[in-house]
Colleague: 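I am attaching a structure below and will ask some questions about it afterwards.
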Amino acid sequence: MSTPELGLPMAVAAPELPARVRIYEVGARDGLQNEKATVPTEVKAEFVRRLADSGLTTIEATSFVHPKWVPQLADAEQLFPLVSDLGRSSGVHLPVLVPNERGLDRALALGARHVALFASATESFAKANLNRTVDEALAMFEPVVSRAKADKVHVRSYISMCFGDPWEGPVPIHQVVRVCKALMDMGCDELSLGDTIGVATPGHVQTLLAELNEEGVPTSALGVHFHDTYGQALANTLAALQHGVTTVDASAGGLGGCPYAKSATGNLATEDLVWMLQGLGIDTGVDLARLTATSVWMAERLGRPSPSRTVKALSHKE
């Protein structure tokens, strides 16, 4: 018998935490782009549908980055039409990653209404990931945001290397705040603070959030994106929740990493996040059993077990 059937985890609310958290599911994009093998388009589409069936309402579907750079997601034009009806019939948001105006054109042509950019807080990663300086990348994003907003498209921006960089080491908080402010001033609706190599700790998280607030970036516009390299992702998430953050990025089964930062291990597993949130009495709308079954299904297709501790525990058979 699995633990949810026994009524576990027992919900015990902690003070001053949000009543509900929106999980921004990144497994189908951030997860699969880091796989060595290319997953067939039909399997990706089924993965997105199963994620939606588990109760997730924001599922990043794919990336309109040039196929040369992310060949695993070269089928974006084929994939998106296979899942876009979810937005119409079920109210599921299906954001897609766009790097520039060409990527935006491709996304808009297929009817995407939520797009995401990817910025960097450090020069080293901007060069590695975008082949530009931080300021050059921001300049590239300006027309993308302007055009998207003119078309009433929701714009999110990821900011990578908010807590540490594999080439530069610790990243000064003021440096992160500057990039975040520039993106908000540009018109972004939402920012995702990325701990790309998983080096953040809770005090660092809360200090960055407080500094952003002081500079006029509201908590309501912020999400967090933690990697579990040093086992800190859930602790960092709790620190963000205590600050009032209500959007948390996670990847079903703990899929993912970053192809441009080799020290980046898997994302925070959605199942591990849901287990903690359920235990805190925080609503997510997610059916943990269905989500776990989805990650087991995908792990079978990838030919390796999920790294999620919760998936392992709930799928274990005596």
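One-based numbering along the sequence shown. None of these values were measured; they are calculated from a predicted model.
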Colleague: Once rounded to the nearest 0.5 Å, what's the spacing between atom OH of Y230 and atom CG of N236?
Modeller: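 So the OH of Y230 and the CG of N236 are separated by 13.0 Å.
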
Colleague: For the side chain of D283 and the backbone of G285, is there at least one donor-acceptor N/O pair under 3.5 Å apart?
Modeller: yes

Colleague: Is a donor on one side and an acceptor on the other found under 3.5 Å between the side chain of E123 and the backbone of V134?
Modeller: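 Here the side-chain-to-backbone pair exists.
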
Colleague: So, the side chain of T38 versus the backbone of Q72: is there a donor-acceptor pair under 3.5 Å, distance only?
Modeller: no

Colleague: List the steps, then state whether side-chain contact (heavy atoms from CB on, under 4.5 Å) holds for V286 with L277.
Modeller: CA-CA 10 Å; V286 174; L277 295 178; over 6 Å; no

Colleague: Using a strict threshold of under 4.0 Å (side-chain N to carboxylate O), is an ion pair present between E46 and R50?
Modeller: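 Salt bridge: yes.
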
Colleague: Give a yes or no on whether the backbone of G203 and the side-chain of T207 come within a donor-acceptor separation of less than 3.5 Å.
Modeller: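 Pair found, side chain donor or acceptor close to backbone of G203.
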
Colleague: Taking a hydrophobic cluster as the set of Ile, Leu, Val, Met, Phe, Trp and Tyr residues connected by side-chain heavy atoms closer than 4.5 Å, whether directly or through intermediates, do V296 and W275 fall within one such cluster?
Modeller: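 Different hydrophobic clusters.
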
Colleague: Drop me the distance from L94's CG to L110's CG, to the nearest 0.5 angstrom.
Modeller: 12.0 Å

Colleague: Show the nearest heavy-atom pair for residues V145 and G187, with the distance to one decimal.
Modeller: CG1-C, 3.8 Å

Colleague: Should F163 and V205 be marked as a side-chain contact (heavy atoms from CB on, under 4.5 Å) after you check the CA-CA gap, both sets of side-chain angles, and the distance that decides it?
Modeller: CA-CA 8 Å; F163 300 93; V205 171; 4.0 Å; yes

Colleague: Rounded to the nearest 0.5 Å, how far apart are OG1 of T133 and CG of L138?
Modeller: 8.0 Å

Colleague: Please report the interatomic distance CD(E142) to CG(D185), rounded to the nearest 0.5 Å.
Modeller: 10.0 Å

Colleague: So do the side chains of L209 and Q242 get within less than 4.5 Å of each other, counting heavy atoms only?
Modeller: no

Colleague: Evaluate T62 against L73 for side-chain contact (heavy atoms from CB on, under 4.5 Å), listing each step before the verdict.
Modeller: CA-CA 7 Å; T62 189; L73 302 181; 4.1 Å; yes

Colleague: Between E168 (side chain) and S124 (backbone), is there a donor-acceptor pair under 3.5 Å?
Modeller: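 A pair under 3.5 Å: yes.
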
Colleague: Any pair with a residue in residues 73-87 that passes side-chain hydrogen bond (donor to acceptor under 3.5 Å, both in side chains), sequence neighbours left out, goes on the list, sorted by first then second residue, please.
Modeller: T41-D75, K44-D75, R49-D85, E77-R106

Colleague: Yes or no on salt bridge (Lys or Arg N to Asp or Glu O under 4.0 Å) for D249 and R156, after CA distance, side-chain angles and deciding distance?
Modeller: CA-CA 12 Å; D249 297 4; R156 159 185 259 228; 2.9 Å; yes

Colleague: So, K149 side chain and H154 main chain: donor-acceptor pair closer than 3.5 Å or not?
Modeller: no

Colleague: May I ask you to decide if the ring planes of F64 and F80 are parallel, tilted or perpendicular, using 30° and 60° as cut-offs?
Modeller: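 Ring orientation of F64 relative to F80: perpendicular.
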
Colleague: With the threshold set at 4.0 Å, does a side-chain nitrogen-carboxylate oxygen contact exist between K312 and D272?
Modeller: no

Colleague: Do M276 and T237 have side chains that get closer than 4.5 Å, going by heavy atoms?
Modeller: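 SC-SC contact between M276 and T237 confirmed.
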
Colleague: Do you know which of S251, S306, S315, S295 makes side-chain hydrogen bond (donor to acceptor under 3.5 Å, both in side chains) with E271?
Modeller: S295

Colleague: So L104 and R147, do their side chains get closer than 4.5 Å, heavy atoms only?
Modeller: yes

Colleague: Ignoring hydrogens, what is the shortest heavy-atom contact between R29 and A61? Give both atom names and the distance.
Modeller: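 Taking R29 first and A61 second, the nearest heavy atoms are CB-C, 4.4 Å.
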
Colleague: Which heavy atom of V311 sits nearest to which heavy atom of G253, and what is that distance?
Modeller: CG2-CA, 4.4 Å

Colleague: Report yes or no: do T219 and N213 form a side-chain donor-acceptor pair below 3.5 Å?
Modeller: yes

Colleague: Report yes if the side chains of L56 and I23 come closer than 4.5 Å at any heavy-atom pair, otherwise no.
Modeller: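 They are in contact (side-chain heavy atoms under 4.5 Å apart), so the answer is yes.
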
Colleague: Which pairs, with at least one residue in residues 5-43 and sequence neighbours excluded, count as a ring-ring contact (aromatic ring centres under 6.0 Å, His included)?
Modeller: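 Listed by first then second residue: nothing to list.
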
Colleague: With side chains defined as the heavy atoms from C-beta onward, is the minimum distance between L32 and F47 less than 4.5 Å?
Modeller: yes

Colleague: Judged by atom type as modelled, is there a donor-acceptor pair below 3.5 Å linking the side chain of E25 to the main-chain atoms of T58?
Modeller: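 Pair absent, no side-chain N/O of E25 close to backbone of T58.
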
Colleague: Among D195, D30, D228, find the residue that satisfies the side-chain hydrogen bond (donor to acceptor under 3.5 Å, both in side chains) test when tested with N267.
Modeller: D30

Colleague: Do you know the tightest heavy-atom contact between H225 and S192?
Modeller: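 Where H225 meets S192 most closely, the heavy atoms are CB-OG, 3.4 Å.
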
Colleague: Could you report the tightest heavy-atom contact between L291 and A252, atom names first, then the distance?
Modeller: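 Answer, listing the atom of L291 first, then A252: CD1-CB, 4.2 Å.
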
Colleague: Less than 4.5 Å apart, side chain to side chain, heavy atoms only: is that true for D53 and T294?
Modeller: no

Colleague: Check the pair Q278 / L288 against side-chain contact (heavy atoms from CB on, under 4.5 Å), numbers first and verdict last.
Modeller: CA-CA 9 Å; Q278 286 188 354; L288 184 55; 4.0 Å; yes

Colleague: Given 3.5 Å as the limit, does a donor-acceptor pair link the side chain of H243 with the main chain of V245, or not?
Modeller: no

Colleague: Should L302 and V39 count as side-chain neighbours, where that means a heavy-atom distance under 4.5 Å?
Modeller: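 L302 vs V39: side chains touch.
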
Colleague: Would you tell me whether T201 and Q232 have side-chain atoms, one donor and one acceptor, within less than 3.5 Å of each other?
Modeller: no

Colleague: Which pair of non-hydrogen atoms, one from F141 and one from F118, has the smallest distance, and what is that distance?
Modeller: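 Shortest heavy-atom contact: CZ-O, 3.3 Å.
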
Colleague: With no hydrogens and no angle check, is any side-chain donor or acceptor of S90 less than 3.5 Å from a backbone partner on V92?
Modeller: no

Colleague: Give a yes or no answer on whether the side chain of R132 reaches the backbone of L130 with a donor-acceptor pair at less than 3.5 Å.
Modeller: yes

Colleague: Are any of the side-chain heavy atoms of T57 and H93 separated by less than 4.5 Å?
Modeller: no

Colleague: Which value, rounded to the nearest 0.5 Å, describes the distance between E190 atom CD and Y158 atom OH?
Modeller: 8.5 Å

Colleague: Return the CD1 to SG distance between I173 and C162, rounded to the nearest 0.5 Å.
Modeller: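 Going from the CD1 atom of I173 to the SG atom of C162 covers 10.5 Å.
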
